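Accompanying notes for the structure given below.
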Number of protein chains: 2
Amino acid sequence: MIEIELLEKYDAVRKCYKKSEIIFEIDHLATHYYQIISGAVKMNNYNDEGREFIQGIFYANQSFGEPPLFLDRTYPANAEAVEDSELLCISKNNFLKLITENPAISINIIEILAQRLHYKSVMAAEISTHDSEHRLLQLFDYSISYLNFKKDNNGYAIDLTRQQIGNLTGLRVETVIRTIKTLEKKGELKIINRKVYR
Amino acid sequence: MIEIELLEKYDAVRKCYKKSEIIFEIDHLATHYYQIISGAVKMNNYNDEGREFIQGIFYANQSFGEPPLFLDRTYPANAEAVEDSELLCISKNNFLKLITENPAISINIIEILAQRLHYKSVMAAEISTHDSEHRLLQLFDYSISYLNFKKDNNGYAIDLTRQQIGNLTGLRVETVIRTIKTLEKKGELKIINRKVYR
DNA sequence: ACTTATTTATGACATAGGTCATAAGGTCAC
DNA sequence: GTGACCTTATGACCTATGTCATAAATAAGT
């Protein structure tokens with residue numbers, strides 16, 4: 001996260017997106033740096049049959065879609081608001097200017113990319129070599145450790161729909177529903193009022 | 001890649017690793033920055049049954065395992081030499097010093113991480129939503145575009161064993177062998193003397 | 001309030017890819 | 001040079017997960 005005041009010094013603009021609205025599309029060139037003020041954004045891919053894969057979900061104070069700003073490549077995925085969201089947008093040129101003029105910020109960016117890479121490494125190994133139960137638990141525990149998932153008296157609330165869980169782990173909804181039930185029977189998590197707690 | 005002279009100014013040390021030798025292990029803290037002078041290194045994970053997943057293979061002039069240097073986290077995977085290799089190693093402290101004293105280098109690091117993130121995004125979507133034929137072609141085409149795979153008169157040589165291909169895509173060797181044969185029949189690639197060309 | 005869409009749920013059945021067994025050609029170590 | 005191991009290969013069979021159909025509970029939109 002970059003300080004809002006600093007971004008605004010480089011002409012950042014606030015922009016609102018309705019739920020389901022597309023922020024940018026796969027294979028397009030990157031034109032802006034985006035940081036979330038409020039709401040949530042997912043980055044995703046669709047295969048030829050329309051099956052979705054969610055690369056990640058981002059929340060307030062997080063940025064997303066930076067890598068192509070530094071490469072001569074297009075976006076590897078789409079970005080879409082999962083709730084009504086307010087974003088700070090800053091043009092590629094201004095963003096690169098900001099970084100070169102504020103070297104400390106680049107360490108910041110490195111940390112953000114390093115974190116994201118860490119998540120991708122963990123999930124890649126998970127998706128390729130583990131069964132559905134292991135995959136779900138890993139996703140839940142990772143989300144609890146590194147995202148802003150809240151703890152209440154039932155445990156940590158996994159604030160994701162079954163469909164989203166499936167699309168984050170490469171499983172179908174039905175499999176997620178069945179696996180969650182099995183995990184509940186095994187005592188690995190709780191289902192209260194259809195919500196998952198860990 | 002960071003200039004060797006610059007690394008040596010910060011007390012980088014040359015170190016040789018035999019094929020199959022471990023460079024660092026999963027869950028350990030990061031102590032050094034590593035850059036390959038010659039040879040090749042893979043980063044991998046094993047599941048409980050010993051199945052391997054290869055996060056990536058790195059060649060001369062590439063670095064690997066940087067993210068945990070910037071985070072308070074351990075390595076998400078192991079690093080192992082796939083051939084006899086010579087590496088340049090520089091301690092975490094010296095490396096961080098190098099970066100802060102040479103702001104231009106941090107842009108360099110950002111680009112490296114951005115590239116790696118791009119690969120992971122593409123492969124993650126591939127592994128979770130596409131069938132084996134699609135996965136293999138994607139891996140081959142990505143490797144050709146972004147790695148140093150050489151073209152000869154048969155086409156681009158895919159310099160990976162069937163086992164490595166499987167461990168990079170989350171498929172078993174037998175499946176890889178069968179899929180490659182199918183792809184050959186479909187004219188998507190050539191098998192000459194057991195080697196794959198695209 | 002009423003319609004429409006989303007989310008959770010469950011059962012029956014299908015299949016891509018995994019598993020296991022076996023083998024032959026290559027490569028490496030000593 | 002020979003034994004051990006790795007790589008490619010193929011067949012028979014199995015199973016975790018996907019697919020399809022159906023439905024009720026909940027949420028969202030007008």
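Chain letters run A, B, ... following the sequence lines, proteins first, then strands; residues in each count from 1. These figures come from a predicted structure and were not determined experimentally.
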D:dT8 phosphate, OP1 or OP2, under 4.0 Å from B:Lys181 side-chain N/O: no
Phosphate OP1/OP2 of D:dA9 contacted by B:Arg178 side-chain N/O (<4.0 Å): no
Short side-chain donor-acceptor distance under 3.5 Å, B:Gln55 and B:Asn45: yes
Gap between atoms CD and C1', on B:Glu174 and C:dA16 respectively (whole Å): 14 Å
Separation of atom CG in A:Leu183 from atom C1' in C:dT8, rounded to whole Å: 16 Å
Comparing B:Leu171 and A:Ile191 on DNA chain C - which has the more 5′ nearest nucleotide: A:Ile191
Close aromatic pair by centroid cut-off 6.0 Å: A:Phe149 and A:Tyr156: no
First of B:Asp131 and A:Val173 reached from the 5' end of DNA chain C, by closest nucleotide: A:Val173
Interatomic distance where CG belongs to A:Asn167 and P belongs to D:dT17 [whole Å]: 16 Å
Ring-face cation contact, A:Phe140 with A:Arg135, 6.0 Å cut, 45° max: no
Residues B:Gln138 and B:His130: side-chain donor-acceptor under 3.5 angstrom: no
Separation of atom CD1 in B:Ile177 from atom P in D:dA9, rounded to whole Å: 6 Å
Under 4.0 angstrom between B:Arg162 side-chain N/O and D:dT8 OP1 or OP2: yes
For atom CD of A:Glu133 and atom P of D:dA16, their distance in whole Å: 11 Å
Atom-to-atom span, NE2 of B:His130 to P of D:dT17 - whole angstrom: 20 Å
Base D:dC6 paired with B:Gln163 side chain (donor-acceptor, <3.5 Å): no
Aromatic centroids of A:Phe24 and A:Tyr34 separated by under 6.0 Å: yes
Residue-phosphate contact under 4.0 Å: B:Arg172 side-chain N/O, C:dG17 OP1/OP2: no
Sugar-phosphate, base or nothing in reach of B:Thr179, heavy atoms under 4.0 Å: nothing
Per-nucleotide protein contact string for nucleotides 25-30 of chain C (B base, S sugar-phosphate only, - none; heavy atom under 4.0 Å): S-----
Rounded distance (Å) that lies between atom C1' of C:dA16 and atom CD1 of B:Ile127: 16 Å
Distance-only donor-acceptor check, side chains B:Asn78 and B:Glu25, under 3.5 Å: no
Rounded distance in Å - CD (A:Gln164) to C1' (C:dT7): 11 Å
Sugar-phosphate, base or nothing in reach of B:Gly170, heavy atoms under 4.0 Å: sugar-phosphate
Straight-line distance of A:Leu189 CG to A:Lys186 NZ, nearest 0.5 Å: 11.0 Å
